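Step one of this worksheet: look at the structure below.
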Amino acid sequence: MVDPRQLAVLIRIPADGPYQDLTAKVAAVRPTATRMNVTFHDGSTFPYGHRRVLELRNPQAVPLGPQQRILVDGRPRENLTEAYRFRDGSQDWWHIFPGDDHYFSAYHGGRVDVVPSVAPHPQVAQVLAYWRAIATRLPEEGRALREAHERPLSVHPDSVLYRYLHRSPIEQVERPESPPLYPFDTNLSQRAAIDSSLRHPISVIDGPPGTGKTQTILNLIANIIVDETKTVAVVSSNNAAVDNVHAKLVQAGFGFVTANLGRKTKKEKFFQEQADRNLYVEHLRSAVPMQLPRAEEMTARDQRLLRLREIERTIADLYTEHAAYELERIHFRAYLDRHELPDQEKLPVLRWRPAKILAFIADTDPELARATGIAGVVDRISKYFKYRSMRHADAQDIDIVFRLHQLYYDAKIAELERKIEQARKLLDGSNFDDLAAQQKDLSVAWLVESLRQRYAGHATRSYDFGYRRHWQDFARDYPVILSTCHSLESSIGTGRLVDYLIIDEASQVDLVAAAVALGCCRNLIVVGDLRQLQPVVTVPESATGPAPDPVYDYRRQSILSSLTDIYGAALPRVLLKEHYRSDPAIIGFCNQKFYQDNLIPFTRGVPSYQSMVVVRTQPGDHMRWLDARTGRPGGRINQREIDIIQQDVLPQYCAEYSADQIGVTTPYRPQADRVTDALISSIEADTVHKFQGREKEAIIMTTVLDDRPGLDKALKFADSPELINVAVSRARKRFVLVIHHKMLPKSRNLSDLIGYIRYQFPDKEFFESPVVSIFDLLYNDYSTVLRTLASRVRDESAHRSENIMRAALEQILSEPGFQGFWFNEQVHIKHLLPDTDRLDQRQRKFTRSRSASVDFDLYNRITKQRLCVIEVDGFNHHENKPDQLALDAIKNAICAAYNIPILRFPTTGSGELDRLRTELAALIP
């Protein structure tokens with residue numbers, strides 16, 4: 001009797017076929033001089049001399065227990081009593097005993113994995129149990145997640161899941177040796193993101209809208225699979241994001257490396273399409289090896305391009321700055337048109353550079369303490385020679401100063417145009433476009449040749465649903481696995497690890513789904529945007545209780561936010577800055593409102609084209625509540641807004657676009673359904689949540705809500721910053737906001753959006769405001785010069801109270817509740833007013849004095865509308881001087897006449913920070 005614990009009998013049937021393990025059927029094996037006879041349990045014998053019989057002896061007994069698990073075809077085998085591994089050269093076989101002495105299973109080694117299993121730390125066990133409780137309560141479509149968590153979840157000690165749950169530090173690792181490859185278009189931020197991702201076991205790529213997240217993922221894949229030993233999986237919470245990556249790889253000619261798996265129908269499609277793919281691989285295998293440059297040459301070329309890409313980014317930055325100054329000049333000119341100022345031709349500064357104009361204004365500012373004695377004489381002589389051409393101008397006449405401001409805009413814009421032209425010539429003279437195209441072509445060739453070598457030594461084969469039995473071969477043939485998060489484990493097999501996992505649209509991936517994917521990888525690259533929509537959760541806290549740790553909270557965290565909370569500043573992350581999708585004005589709102597002006601638009605606006613529009617309904621409240629008993633989802637609808645879209649918006653603002661280039665989005669599902677019913681079918685209508693990750697030439701947003709009382713909760717949802725950010729950034733060329741007649745004044749983000757559109761298109765205004773928009777570019781430049789000069793000519797302690805207030809404002813306006821607001825210093829009171837029609841003679845005279853300024857002017861950086869002004873009243877300078885108190889009263893009266901809130905802070909007070917927070921919060925809608 002053959003003992004399967006000591007001997008494995010392999011017989012090749014047919015003669016040129018694969019070995020089969022027939023140990024269970026063999027009673028004895030007797031070699032003779034010329035052949036080897038095999039006797040089976042039923043007494044039959046068969047000479048196998050003309051075939052090959054292989055005996056594998058001296059097996060390795062594999063210990064079983066809680067420290068490791070045995071998986072067959074990617075699935076764990078439970079309740080095993082013994083396991084033996086037989087090896088002989090290329091042959092690797094297993095005999096696994098489930099508990100019956102007379103029964104065992106034989107498997108080829110490629111079908112068996114031994115997975116280490118570590119008993120979780122008690123706190124880790126609590127987190128896993130919490131996620132398992134949630135998974136068991138998921139709706140039917142969450143069945144795959146339920147099964148994965150009920151097994152229970154495998155936490156391989158080499159997996160990112162283990163590192164994530166144990167909060168292991170993120171160390172830096174060596175980057176792969178191959179030269180950096182960019183077979184898809186790239187830029188500075190994307191290069192930095194790829195480099196960071198390959199140097200760390202966990203990393204984040206922050207990808208705001210339109211910054212090329214998919215391009216970055218494609219180039220990442222190329223740099224991973226250029227090593228034939230590496231595999232990478234790309235997952236997301238939905239198939240759309242993954243299918244987009246697959247489509248781009250297919251379009252570029254690299255679809256043959258991908259296995260687009262997941263649900264059964266996708267696997268069936270994948271298996272059906274193998275024949276064409278295998279023909280392509282056969283052709284690739286037989287191709288003549290390509291002659292490629294040395295790796296050092298590729299790296300040197302990349303470094304040369306790196307310097308040119310910095311110039312390319314500088315040009316885009318300059319265009320953005322130029323557009324901002326142009327727009328501010330338009331507003332400033334409109335302001336000057338309401339005032340009688342001296343002709344600029346009478347001012348002999350037309351050839352001065354902008355820096356010199358500002359320096360003159362700052363040097364003559366009455367707020368600066370003057371030097372006395374010999375120092376004062378030297379100072380006056382120095383200024384005489386420095387600004388000799390302005391010696392006859394009255395530097396204390398505020399109208400002269402305002403005209404100098406106008407000249408500053410002209411000079412600054414001309415200077416920016418010169419810089420753009422110089423940078424353009426430098427870029428064109430360096431053959432940047434040709435070098436970038438060469439790098440792309442060489443990267444493609446390098447990748448193709450590496451893939452040819454990957455496939456050259458192996459026969460091309462077709463797979464079916466049993467592909468996991470041949471996982472090593474399958475992973476070599478298909479190094480890129482595409483799946484949803486919850487399907488990845490079933491796609492590759494429990495306990496198996498891919499080398500890299502890329503999670504796309506990570507802000508929408510909840511922790512229960514992410515945990516399954518994190519258990520399947522050694523390195524993690526998270527691509528997403530915390531300023532876009534978070535995952536929609538379906539299990540309430542009442543069903544499972546609170547999370548054992550806030551960073552693992554299913555209801556409040558995505559995988560992206562969770563990693564951010566765990567690692568903080570230690571988390572390797574790179575922001576993609578270059579934006580390629582939307583008109584500069586459209587992305588400009590998102591940039592200023594949500595991304596702290598860190599994005600660099602590479603798009604160019606069309607002169608006189610209104611890319612953003614606000615359309616108001618007629619007066620009246622038009623929102624209605626749709627009863628769920630109608631058979632459709634219950635919720636809010638607004639038929640009047642739908643009528644406006646049909647009758648006004650589409651013919652007036654979208655006629656230039658085909659129906660499939662137009663999208664209608666809304667916070668509410670019933671409204672999206674109503675729009676779908678009302679419009680032609682090829683105009684797509686959906687919720688903002690469903691539009692995330694997509695784009696259209698024109699986006700129309702119907703807000704649905706009206707101004708009736710009691711809608712605070714609904715407004716909080718519809719006005720959420722993530723929702724507004726996603727809605728606006730879906731548009732490439734035009735964004736139309738359809739909103740209630742009163743424009744929801746209690747909203748914060750929608751109000752900012754409306755104010756921003758008003759500022760961007762002043763000749764298209766739909767309402768008037770008596771408050772002048774702040775000229776923040778001018779005053780930012782001026783404040784910098786003024787502060788630098790003040791530090792040279794006076795002791796800073798002379799205005800220590802203002803320095804304290806500045807520090808307080810910087811702190812408070814950086815807090816979450818006040819983000820989007822900022823301040824300028826020493827703004828002349830006349831710049832606060834659209835005109836002086838409401839002032840009496842004494843007040844008008846006061847506004848003509850150059851010293852008539854406010855200490856701090858707080859404004860909304862998005863809409864440029866004023867929030868309030870702040871005065872810091874020093875005791876000696878104010879309360880001890882009746883004349884100054886009288887001037888303060890005039891200033892108060894001027895602000896009251898134009899409804900400008902003025903906050904005064906005496907230096908003898910206390911609790912300024914708390915008071916400042918309270919009063920500013922009361923002024924914000």
Side-chain angles (χ1 to χ4, degrees), residues 185-194 196 204-217 309-328 416 420 423 504-507 526-533 560 564 573-606 611-612 691-695 699 721-735 749 752-753 755-757 759-760 776-777 780 814 819-822 860-864:
D185 293 330
T186 189
N187 57 44
L188 287 178
S189 298
Q190 293 172 5
R191 292 177 80 267
I194 292 168
S196 173
V204 167
I205 299 175
D206 290 299
T211 53
K213 295 188 292 291
T214 302
Q215 293 288 104
T216 309
I217 290 172
R309 292 193 189 280
E310 290 170 350
I311 299 174
E312 179 192 36
R313 177 191 276 183
T314 297
I315 292 173
D317 252 337
L318 289 171
Y319 269 116
T320 301
E321 189 178 4
H322 180 273
Y325 275 100
E326 280 275 24
L327 181 59
E328 190 162 304
L416 289 170
I420 290 172
D504 194 12
E505 297 289 354
S507 69
V526 174
V527 184
D529 182 6
L530 286 176
R531 295 166 185 83
Q532 295 192 50
L533 291 164
L560 178 53
T564 301
R573 62 192 310 166
V574 175
L575 173 70
L576 302 183
K577 296 182 177 181
E578 292 85 347
H579 176 88
Y580 300 95
R581 174 190 297 163
S582 303
D583 180 277
I586 294 175
I587 196 59
F589 169 74
C590 303
N591 196 12
Q592 293 179 29
K593 177 71 177 174
F594 306 112
Y595 299 104
Q596 291 75 53
D597 268 334
N598 283 319
L599 303 188
I600 304 171
F602 272 59
T603 53
R604 298 285 176 266
V606 178
S611 58
M612 305 184 80
F691 258 108
Q692 180 156 318
R694 297 150 63 194
E695 60 189 61
I699 286 288
E722 296 85 5
L723 186 143
I724 301 302
N725 184 27
V726 171
V728 174
S729 60
R730 299 311 93 195
R732 292 175 60 87
K733 295 181 179 178
R734 172 159 278 164
F735 174 81
N749 300 296
D752 279 357
L753 175 58
Y756 173 86
I757 296 173
Y759 181 78
Q760 288 292 314
D776 58 316
L777 295 175
N780 278 335
S814 297
Q819 286 182 355
F821 294 92
W822 203 241
N860 186 314
R861 297 178 67 185
I862 316 303
T863 67
K864 304 299 186 289

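For clarity, every value in this text was computed on a predicted model and none was experimentally measured.
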- Message: Using every non-hydrogen atom in the two residues, find where Asp206 and Pro208 come nearest and quote the distance to one decimal.
- Response: O-CD, 3.2 Å
- Without hydrogens or angle criteria, can the side chains of Ser189 and Arg313 be said to hold a donor-acceptor pair below 3.5 Å? yes
- Item | Donor-acceptor contact below 3.5 Å, side chain Glu695 vs main chain Arg581 | no
- Item | CD1-CD1 distance between Ile205 and Ile217, expressed to the nearest 0.5 angstrom | 7.0 Å
- Donor-acceptor contact present, side-chain Asp752 to main-chain Ile862, <3.5 Å: no
- Item | Val204 and Thr564, any side-chain heavy atoms less than 4.5 Å apart | no
- Note on the structure: Distance col, row Asp317:CG vs Glu310:CD, nearest 0.5 angstrom, shows 12.0 Å
- Would you mind reporting whether Gln692 and Ser507 have side-chain heavy atoms less than 4.5 Å apart? yes
- Message: Would you say that Tyr756 contacts Arg861 through its side chain, given a criterion of any heavy-atom pair below 4.5 Å between the two side chains?
- Response: no
- Message: If we count only N and O atoms by modelled type, under 3.5 Å, do the side chains of Arg309 and Thr186 hold a donor and an acceptor together?
- Response: no
- At their closest point, which heavy atom of Lys733 faces which heavy atom of Asp583, and how far apart are they? O-CB, 4.4 Å
- Item | Nearest heavy atoms of Leu318 and Leu416, plus distance in Å | CD2-CD2, 3.8 Å
- Note on the structure: dist Ile757:CD1 -> Ile586:CD1 (nearest 0.5 Å) comes out at 9.0 Å
- Task: Anything under 30° is parallel, anything over 60° is perpendicular, the rest tilted; go ahead and classify Phe589 against Phe594.
- Result: perpendicular
- Message: Could you check whether any side-chain N or O of Ser582 sits under 3.5 Å from a backbone N or O of Ala731, counting only pairs where one atom can act as donor and the other as acceptor?
- Response: yes
- Got Lys864 and Gln592 here, is their nearest side-chain heavy-atom distance under 4.5 Å? yes
- Atom of Trp822, atom of Ser814 and distance for their closest heavy-atom approach: CZ3-OG, 4.2 Å
- Measure the spacing between CD1 of Ile587 and OH of Tyr595 and express it to the nearest 0.5 Å. 7.0 Å
- Backbone N/O of Ile420 and side chain of Tyr319: donor-acceptor pair under 3.5 Å: no
- Would you name the heavy atoms of Asp529 and Gly207 that are closest together and state the gap between them? CB-O, 3.6 Å
- Item | Any side-chain heavy-atom pair of Lys593 and Ile724 under 4.5 Å | no
- Message: Closer than 3.5 angstrom, by distance alone: can the side chain of Asn591 be matched with the main-chain N or O of Gln596 as a donor-acceptor pair?
- Response: no
- Task: Of all the heavy-atom pairs spanning Asn725 and Arg531, show the shortest one and how long it is.
- Result: ND2-O, 2.9 Å
- Message: Rounded to the nearest 0.5 Å, what separates atom CD1 in Ile600 from atom CD in Glu321?
- Response: 12.0 Å
- Message: Are Asn187 and Phe602 packed together at the side-chain level, in the sense that at least one heavy-atom pair is separated by less than 4.5 angstrom?
- Response: no
- Is there a donor-acceptor pair under 3.5 Å between the side chain of His579 and the backbone N or O of Pro209? yes
- Task: Report the distance from atom CD of Gln190 to atom OG1 of Thr216, rounding to the nearest 0.5 Å.
- Result: 3.5 Å
